[in-house]
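First comes the structure, then the notes that go with it.
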Amino acid sequence: MMKLGAHNSIAGGLHNAVAECQSIGGEAMQIFCKNQRQWTAKPITAEEAKLFTDAVAKAKIGPNMVHDSYLINLGTADAGKAASARGAFLDEYKRSEQLGIAYLNFHPGSHVHEDKKLRDDRKVRDAALDRIAANLTTVQDETKGFRCKLVIENAAGQGTNVGNSWEEVRRILDGVGDRKRMGVTIDTQHSWACGYDWVGAYDDVWDSFKDQVGMDTLVAFHLNDSKAECGERVDRHDTIGTGKLGIEFFRTLMNDRKLDSKVGYLETPDGPESWVKEIALLRSLRK
Ligand SMILES: [Zn+2]
Ligand SMILES: [Zn+2]
């Protein structure tokens, strides 16, 4: 069965996320490993890391995921900004490895081209995808032997986001140096918002995913219902069962045997009090 959890808070200390995960009935968790709205943070001390890893081991939760900072754009064409983004990403990778985290999940990035007409220009988008792959390769070269996987989260297609489609995710995967250290998260809301019709054509969506990315590369889901319509290209999560994806989609997903070894983290808007109910609801959908 797919393991279930949510994005838990590290307020007051990294180890506090473990207690929150348990309080909502989670089997695994996603966290930020620093304040996600700031570029830099103090190093994690050995004591803090041990407090965290001991709590994780005692609670027997995992695989656990770090979500990178929203500030990082590995797709930028600006050399100075790219260096900052790489530095911040490398720091998050080292923190994740230090904490024994299985997956560092990141948003692919944006091409940020100033000409709005070029939002969907193939060459502009491919150049950004190739820059992302090159930046990832540089980070991998500096972290030989790391066990934590770098995990691409498909984008909703807002603004100049790249990595919306399976084809674009694949282009990044094909361009990185160490393909074995890569994984993919499917955000159910993002994929729906960028045009994958999970409700009307569930099997077709999987066929295209298998063709472009493959089931072995898929490691996780962000389980979110959607306030946006299919294809609207807006990143707006909703509570499970109350959005446009709806309960029948989640019933199908929870009973899809090929996903039994994957893990799903909620990023829905109502916090722990709702997550405990949403996790119970998802479990109740299983036959
Ligand atoms: Zn997500
Ligand atoms: Zn989102």
Side-chain angles (χ1 to χ4, degrees), residues 1-33 36 52-53 55-67 96 99-105 151 153-154 156 183-193 198-199 202 206 218-228 235-287:
M1 292 295 191
M2 186 192 294
K3 285 192 179 178
L4 299 174
H7 184 107
N8 295 120
S9 169
I10 59 165
L14 290 159
H15 60 282
N16 286 348
V18 178
E20 186 178 281
C21 174
Q22 290 186 294
S23 76
I24 60 168
E27 301 162 288
M29 64 182 182
Q30 176 175 271
I31 58 171
F32 293 122
C33 66
Q36 81 279 14
F52 177 83
T53 53
V56 166
K58 191 158 172 253
K60 296 192 176 70
I61 57 170
N64 300 311
M65 172 173 273
V66 160
H67 194 302
S96 299
L99 294 174
I101 294 289
Y103 309 128
L104 171 56
N105 178 89
V151 178
E153 174 179 3
N154 67 298
V184 167
T185 295
I186 294 178
D187 186 307
T188 51
Q189 195 279 328
H190 298 180
S191 47
W192 166 258
W198 290 115
V199 175
Y202 184 86
W206 279 120
L218 177 66
V219 298
F221 288 86
H222 284 165
L223 297 174
N224 301 310
D225 211 324
S226 179
K227 289 193 160 83
D235 187 346
R236 284 182 71 202
H237 303 184
D238 204 349
T239 309
I240 301 295
T242 66
K244 310 283 184 192
L245 275 162
I247 201 69
E248 288 312 313
F249 161 68
F250 287 102
R251 188 192 308 278
T252 306
L253 200 72
M254 287 302 107
N255 287 292
D256 191 333
R257 287 281 94 86
K258 70 179 173 294
L259 308 178
D260 279 355
S261 64
K262 315 300 179 187
V263 54
Y265 312 95
L266 296 170
E267 295 176 322
T268 51
D270 296 329
E273 278 176 36
S274 178
W275 294 335
V276 66
K277 293 179 211 150
E278 291 173 74
I279 287 173
L281 171 63
L282 288 169
R283 286 205 180 108
S284 76
L285 299 174
R286 294 166 173 171
K287 289 194 195 87

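Residue numbers start at 1 and run along the sequence shown.
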* To do: Begin from the C-alpha positions of E267 and Q189 and carry the test side-chain hydrogen bond (donor to acceptor under 3.5 Å, both in side chains) through to its verdict.
  => CA-CA 10 Å; E267 295 176 322; Q189 195 279 328; over 6 Å; no
* **Nearest heavy atoms of L223 and M2, plus distance in Å** => CD1-SD, 4.3 Å
* Asked: For the residue pair P63 and A28, what are the closest heavy atoms and their distance?
  -> O-CB, 3.3 Å
* Asked: Would you say the side chain of V199 lies within less than 4.5 Å of the side chain of L245, judging by non-hydrogen atoms?
  -> yes
* Asked: Which value, rounded to the nearest 0.5 Å, describes the distance between E278 atom CD and I24 atom CD1?
  -> 9.5 Å
* Do L253 and L259 have side-chain heavy atoms sitting under 4.5 Å apart? -> yes
* Asked: Considering residues at least two apart in sequence or located in another chain, which fulfil the side-chain hydrogen bond (donor to acceptor under 3.5 Å, both in side chains) criterion with K227?
  -> none
* Can you tell if the side chain of N105 reaches within under 4.5 Å of the side chain of Y265, non-hydrogen atoms only? -> no
* At their closest point, which heavy atom of N255 faces which heavy atom of K287, and how far apart are they? -> OD1-N, 2.8 Å
* To the nearest 0.5 angstrom, please state how far the SG atom of C21 sits from the CD atom of Q30. => 11.5 Å
* **Side chains of L282 and L266 in contact at under 4.5 Å (non-hydrogen atoms)** => yes
* **Closest non-hydrogen atom pair between N8 and A17, with its separation** => CB-O, 3.7 Å
* In chain order, what residues pass the ring pair (Phe, Tyr, Trp, His ring centres under 6.0 Å) check against W192, with sequence neighbours excluded? -> none
* Only one of T268, D187, D235 passes side-chain hydrogen bond (donor to acceptor under 3.5 Å, both in side chains) with N224; say which it is. => D187
* Run through K3, K60, K262, R283 and flag the one making a salt bridge (charged side-chain N to carboxylate O under 4.0 Å, His left out) with E27. => R283
* Asked: At what distance, to the nearest 0.5 angstrom, does CG of N64 lie from SG of C33?
  -> 13.0 Å
* Structure fact -> Interatomic distance, CZ@F250 vs CG@D225, rounded to 0.5 Å, equals 4.5 Å
* To do: Please name all residues satisfying ring pair (Phe, Tyr, Trp, His ring centres under 6.0 Å) with F32, sequence neighbours left out, ordered by chain then number.
  => H7, H67, Y70
* To do: Output, in order, the C-alpha distance, side-chain angles, deciding distance and verdict of side-chain contact (heavy atoms from CB on, under 4.5 Å) for V56 and M29.
  => CA-CA 10 Å; V56 166; M29 64 182 182; 4.1 Å; yes
* Asked: With a 4.5 Å limit on heavy-atom distance, are the side chains of M65 and H222 in contact?
  -> yes
* Structure fact -> Of all heavy-atom pairs linking V66 and I101, the shortest is N-CG2, 3.6 Å
* Asked: How far apart are the closest heavy atoms of W198 and T188, and which atoms are they?
  -> NE1-O, 3.8 Å
* Please report the C-alpha distance between Y202 and D256 in whole Å, then the side-chain angles of each, then the deciding distance to 0.1 Å, and finally whether the side-chain hydrogen bond (donor to acceptor under 3.5 Å, both in side chains) criterion is met. => CA-CA 11 Å; Y202 184 86; D256 191 333; 2.6 Å; yes
* To do: Please tell me if the side chains of I247 and L281 come closer than 4.5 Å, counting only heavy atoms from C-beta onward.
  => yes
* Asked: For K258, does the NZ atom have more than 12 heavy-atom neighbours from other residues, nucleotides or ligands under 6.0 Å away?
  -> yes
